[in-house]
Amino acid sequence: MKDIVVYNTLTRKYEKLETLTPGLVKMYVCGPTVYDHSHIGHARTYVAFDGIKKYLMLRGYQVLHVQNITDIDDKIINKANELGVDWREIVETYSKEYFELMGKLGIRANINPRVTEHIPEIIEFIDDLIKKGYAYVAPSGVYFDVDKYPYYGQLSGIKDKKMWNQETFVKDKKNPYDFALWKCAKPGEPWWESPWCKGRPGWHIECSTMSSKYLGKQFDIHGGARDLIFPHHENEIAQSEARFGVHPWVRYWLHTGYLTIKGEKMSKSLGNIIALKDVLAKYDPKVVRLWLLSAHYRTELNFDWEALERTKTSLERMRMTVSALRRLVEKGSPKGRLSEWEIEAINKAIDLRNSFHEAMSYDFNTPKALASVSEMMKLGNEALEKESYEASLAVLGAIEEADRVFEVFVEESKADVEPFVELLVEVRKELRNRKLWDLADMIRSRLAELGVRLLDKGKETEWRFA
Ligand SMILES: Nc1ncnc2c1ncn2[C@@H]1O[C@H](COP(=O)(O)OP(=O)(O)OP(=O)(O)O)[C@@H](O)[C@H]1O
Ligand SMILES: [Zn+2]
């Protein structure tokens with residue numbers, strides 16, 4: 001099997017993946033600031049990292065996946081003030097929605113740390129930076145002294161100091177490019193006690209603190225969309241390398257391309273979001289997942305309802321093929337002697353499995369991998385037509401393997417109800433033969449209510465879980 005190669009934003013090169021601990025990938029992905037509905041842009045990034053994670057798992061790695069929740073931030077406070085509610089209420093509403101929707105998309109991190117549950121660790125981190133001379137206390141808060149850290153700009157490639165300016169509304173920093181580690185609370189704002197002032201953490205420090213708490217002083221993969229490269233990830237690196245004296249802090253930086261709408265990045269602050277809950281109300285999460293994975297994670301992907309509709313149709317067809325293959329394999333048995341076509345088909349299934357791996361192992365090329373899956377489906381349909389047990393078994397194996405990443409083609413195991421569905425389908429066939437249409441239709445509609453779809457093809461009926 002080919003080595004896994006990833007595109008590393010830090011080095012701007014494709015590199016062979018070599019983890020710090022053999023067989024284990026420690027991965028941190030920046031989570032959402034929960035002050036509004038999760039949108040399809042978030043899903044784009046999180047599904048992309050889920051696909052990456054599932055491929056690593058398929059290749060035998062254990063993956064320890066940490067994805068934080070930013071549950072205190074200016075944007076949360078502003079939204080709470082706008083609505084005249086407690087900021088915790090905002091956090092509760094939108095984090096609940098986020099977890100629910102991510103769950104539907106099949107995304108579950110091992111650890112979902114929240115900022116407000118890590119205040120002591122954050123204070124300790126900042127304190128250490130001050131002691132080591134990398135941070136200073138000002139009247140409005142504590143700031144990271146960018147000039148003290150020699151590699152600033154390495155991730156973004158921005159070398160011109162003037163381009164580093166950030167948080168320029170703060171007037172008591174040494175340099176306009178220093179950034180907040182701790183912000184003193186203004187009247188009415190939430191605060192926690194600290195050695196410097198009653199206040200709250202800056203945004204960047206949370207990710208350095210929580211990633212190191214759960215993954216250690218160095219780890220393998222850090223991800224997010226490309227909007228986070230500067231300043232967020234640049235700042236995370238500066239803080240962490242300053243505190244831990246390591247370089248590089250993270251081996252591989254992976255960044256997703258934007259989900260756009262009318263060519264613009266979809267973003268809560270731009271007000272052009274399509275809420276994920278609205279998309280999932282119209283489309284099965286599997287359709288959404290497949291559509292998102294149909295683009296390479298580093299490219300831009302433009303939102304388009306029609307593309308979802310097309311994905312829905314093609315997924316339906318593919319799932320039909322897979323469930324027919326499964327039934328053929330369950331009922332069939334080996335013949336012992338293969339036709340020439342079958343030998344060819346089995347070899348083709350092996351080749352397609354290899355091309356799937358080739359695509360995924362070179363920077364997780366899901367569109368290329370999907371092209372192999374489409375070929376597998378074609379081969380599967382031929383195997384069904386020829387009623388070949390052996391060819392069906394081979395191609396089903398390849399599809400099931402690919403589906404460990406996509407998680408859309410194979411129905412969840414509902415094996416225990418299958419014989420009952422079969423029985424009802426048979427009874428319905430008999431009813432149709434006897435022209436008892438109303439009873440036949442009743443079985444069809446009752447099964448539909450239970451999530452089983454029947455498709456009549458002449459006298460025969462195919463079925464699948466909807
Ligand atoms: N349009 C998008 N396409 C792909 N990824 C995105 C998009 N918008 C946000 N992300 C990613 O989703 C994660 C959560 O982002 P965040 O909560 O900051 O969302 P946002 O919509 O960009 O919010 P804001 O507009 O307030 O910055 C981050 O990793 C971010 O990079
Ligand atoms: Zn982060």
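Residues: numbered from 1 along the sequence shown. All ligand and atom numbering here is 1-based and tracks the order in the structure.
Between the side chains of Tyr134 and Asp128, no donor-acceptor pair of N or O atoms lies under 3.5 Å. For the residue pair Ser323/Glu411, the side-chain donor-acceptor check at 3.5 Å is not satisfied.
Each of Leu56, Asp220, Asp3 was evaluated against Leu17; a single residue qualifies, Leu56, per the side-chain contact (heavy atoms from CB on, under 4.5 Å) test.
Distances from the Zn ion (ligand 2) to the N/O/S atoms of Glu236 are shortest for OE2.
Screening residues 47-59 for salt bridge (charged side-chain N to carboxylate O under 4.0 Å, His left out), with sequence neighbours left out, gives Asp50-Lys54, Asp50-Arg289, Lys54-Glu407. Legend: salt bridge (charged side-chain N to carboxylate O under 4.0 Å, His left out) pairs involving residues 89-117, not counting sequence neighbours: none detected.
Listed by chain and number, Cys30, Gly31, Pro32, Thr33, Tyr35, His39, Gly41, His42, Thr45, Tyr46, Lys75, Gly224, Ala225, Asp227, Leu228, Gly257, Tyr258, Leu259, Lys265, Met266, Ser267, Lys268, Ser269 each place a non-hydrogen atom less than 4.0 angstrom from ligand 1.
Checked against disulfide bond (SG atoms under 2.5 Å apart), Cys30 has no partners two or more places apart in sequence or in another chain.
Scanning both residues, Gly51 and Met360, for their nearest heavy atoms gives O-CE, 4.5 Å. Nearest heavy-atom pair across Arg319 and Phe409 is CG-O, 3.6 Å.
At least one N, O or S atom of His232, from either the backbone or the side chain, sits less than 2.8 Å from the Zn ion (ligand 2). Not a single N/O/S atom of His204, whether from backbone or side chain, sits less than 2.8 Å from the Zn ion (ligand 2).
The SG atom of Cys30 and the SG atom of Cys207 meet at the Zn ion (ligand 2) at an angle of about 130°, given to 10°.
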